Number of protein chains: 2
Amino acid sequence: MANILDVALKAKVSIATVSRVVNKSDHKVNPATREKVLAAISELDYRPNALAKGLLKKKTMTIGIIIPDISNPYYAEIVRGIQDVADAAGYAVTLHNTDKRKGGIARYVYLLREKSADGIIFSGGIIDGGETVSILGELRGKAVVIGRHDVDFPAVMVDNVEGADQAVQHLFDLGHGRIGFIGGPDGSTTALDRLVGYKKALVRNGIKHVPGLVKKGTWNPESGYLLGMELLQGKARPTAIVAANDQMAFGAIKAAKVFALRVPEDLAVVGFDDVPLGSYFDPALTTVKIPMHDMGAASMMTLLNLISGKPVEKIRLFRTTLQVRGSTVKLLEKGIKK
Amino acid sequence: MANILDVALKAKVSIATVSRVVNKSDHKVNPATREKVLAAISELDYRPNALAKGLLKKKTMTIGIIIPDISNPYYAEIVRGIQDVADAAGYAVTLHNTDKRKGGIARYVYLLREKSADGIIFSGGIIDGGETVSILGELRGKAVVIGRHDVDFPAVMVDNVEGADQAVQHLFDLGHGRIGFIGGPDGSTTALDRLVGYKKALVRNGIKHVPGLVKKGTWNPESGYLLGMELLQGKARPTAIVAANDQMAFGAIKAAKVFALRVPEDLAVVGFDDVPLGSYFDPALTTVKIPMHDMGAASMMTLLNLISGKPVEKIRLFRTTLQVRGSTVKLLEKGIKK
DNA sequence: TTGAAAGCGCTAACAG
DNA sequence: CTGTTAGCGCTTTCAA
């Protein structure tokens, strides 16, 4: 691999000059000299070493993303949004999954610091213990968080309380009185907010809160299925279920099938997120849409501002929108409703 | 940010000594001295700078992944497999999506070279033009490819020909004679192999190949839906469809609904990949299972061997397995069949 | 307009 | 067992 000295030698100039033409600096360099250098560069297929440059400039043009699991379509969509913006701005992105690994977030924060990442975006997962908090402290000024408000960073959020509220209201308007809830795990602020919204709508509509109708899952289809089974086998089964994400909603629908319940006639189901495949299910899934791609993109834009020292909004709040489809309302299905 | 000199000063030793205790080298260092250094390190919260180390050792403990799109669950699953192995081995992973961007693969190969990535894994997408080939040439010895055999790198493959063959055979055994095929785009070796397997099974079973029954899509649900519509509206509609991936199969099933065709009674559908949500669909999707996570993991293991100079197998071939579910066979649905 | 030289933070001989 | 020193490849004053 050719380095800057090789180029300098071949072009018969100093490495300083090579550096100048490579970086298109404002520093004047004679056109003829520039040509010689350019020729040497292409002949040697020279590419500047980003490590050396990063060491000197204290800027690596790399940011890190810390999420629970990329194979969860919710995070995949967010990551895509981040990458689209990062890539356009010339930043590379390293990805880190926290689940199934001890140490969780802290481990990757340290790793990213060692690698001199210019910034970190994290989403989901549970921040554990005080140690982590201090670690996050040193990141101040170069981290953005998506979907949680328990740490002091610029945040891109979505109004989960309102979203869950919309879901329940929709069901209530449809005549449902016994509405079950399959929530997320303890410790997740997203799960908490969605539960709060569920209860809020219940209260407003004068529906009595039945603790047995509320379950806590782990976001995946299996847990939605299992919890759906629990909910449905009780004597006083709900006529509708709100799941805290689409994956669990799919599981709940599967459970309904086991009990030979028709969806939406015997059981209405509302999901959360609006994952790409939701509109292809049968029945198509009614869900609370979260603009995941846009949120990912917004978080990266905020990080970009943070990095370049521009002012950033402390909280960027996105709104949810209810996507009504076949899992709550029987409708003539003609074509794809996206 | 404290550096090695800060630590050395505080511990009243030389930076060489600090380096020795940090790297736990075999070089002997007095226990008492080690303690002093360790104390200084934790007091200053010192972490070695990976850039400086990488510059010197020519090893960054970072590899790059180049894929078309992380929001496609097929790739998300592969990436997860890669990351699980990479992470366990201490490697960080940078992710790059090629679609919607000019330059495609070449652009990222260059970027990864600048950043001194220790290796590259790529999957999917179309390698374009001769320029790219030469770029790939310089990577020899540090790249692994998943699911394609048109470039000369160690490859992790899956027998796509056999998989498509299995799908068609399954349909034929069920009594289907008019079997449609929704394939992938031109230029994709995966798409080609699956088409070859389809035709192969047709020939073996003496089924006449009808060109109009073969369509080429773009892997996403929308294209499966559109092509499914085309296939189904002809006068001589197929009684079964094999889609080259699950996403398009979901789209085709949606199309069947539009024509009020029951699945599997009026139209049997087989997908490809076995994406996580397939078993939650109604009907659950019969599909040709590809061990995506394992393939991702295997590719990273191969890359690890490549990096450490160990011998590697030129081709690691995985087999497909047919997952028979409700979209081809009417069965008593009890519980989840995964 | 060009070049020389000082580092960025770290590892690895080589001395002592 | 510990310290000194020469770079890894690059950018950036400061001189010329």
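Quick caveat, the model's predicted, so the values are computed rather than measured. Proteins come first, then strands; the chains are lettered A, B, ... in the order of their sequence lines, and each starts at number 1.
If A/Ile4 and B/Ser14 are placed on DNA chain D by their nearest nucleotide, the residue sitting closer to the 5' end is B/Ser14.
Smallest separation of non-hydrogen atoms from B/Ile78 and B/Ser123: CD1-OG, 4.3 Å.
The distance from atom CG of A/Leu55 to atom P of C/dA6 is 18 Å, rounded to the nearest whole Å. Protein atom CG of A/Leu56 is 18 Å distant from nucleotide atom P of C/dA5, rounded to whole Å. Following rounding to the nearest Å, B/Asn23 (CG) and C/dC10 (C1') show an atom-to-atom distance of 9 Å. Nucleotide D/dT2 holds its P atom 5 Å from the CG atom of B/Asn30, rounded to whole Å. Rounding to whole angstrom units, CD1 of residue B/Ile15 and C1' of D/dT2 are separated by 12 Å. Nucleotide D/dG9 holds its C1' atom 19 Å from the NZ atom of B/Lys53, rounded to whole Å. Taking atom NZ of residue B/Lys59 and atom C1' of nucleotide C/dT11, one finds them 15 Å apart after rounding to whole Å. Rounded to an integer number of Å, the gap from B/Lys115 NZ to D/dC10 P is 14 Å.
Among D/dC10, D/dT2, C/dA4, the nucleotide with an atom closest to any side-chain atom of B/Val29 is D/dT2. Taking only side-chain atoms of A/Ala52, from C-beta outward, the nucleotide of D/dC10, C/dT2, C/dA12 with the closest atom is D/dC10.
Ion pairing between a basic and an acidic side chain is recognised when a charged N comes within 4.0 Å of a carboxylate O; B/Arg107 and A/Asp87 show such pairing.
Not one side-chain nitrogen or oxygen of B/Ser19 sits closer than 4.0 Å to the OP1 or OP2 atom of C/dA12. Residue A/Lys58 has a polar side-chain atom (N or O) positioned under 4.0 Å from OP1 or OP2 of C/dG9. For the pair B/Asn3 and C/dG9, the criterion of a side-chain N or O lying under 4.0 Å from OP1 or OP2 is met. Of the side-chain N and O atoms in B/Thr17, one or more sit less than 4.0 angstrom from OP1 or OP2 of D/dG3.
Looking at A/Lys36 and A/Asn30, their side chains never bring a donor and an acceptor atom within 3.5 Å of each other. For the residue pair A/Asp69 and A/Tyr74, no side-chain donor N or O sits within less than 3.5 Å of a side-chain acceptor on the partner. In this model, no donor atom of one side chain and acceptor atom of the other lie less than 3.5 Å apart for B/Thr98 and B/His96.
Residue B/Val13 is in sugar-phosphate contact alone, with no base atom involved, counting any heavy-atom pair closer than 4.0 Å across all strands shown.
Between the base of C/dG3 and the side chain of A/Arg20 there is a donor-acceptor pair shorter than 3.5 Å. For a distance-only test at 3.5 Å, the side chain of A/His27 fails to qualify as a donor-acceptor partner of the base of D/dT11.
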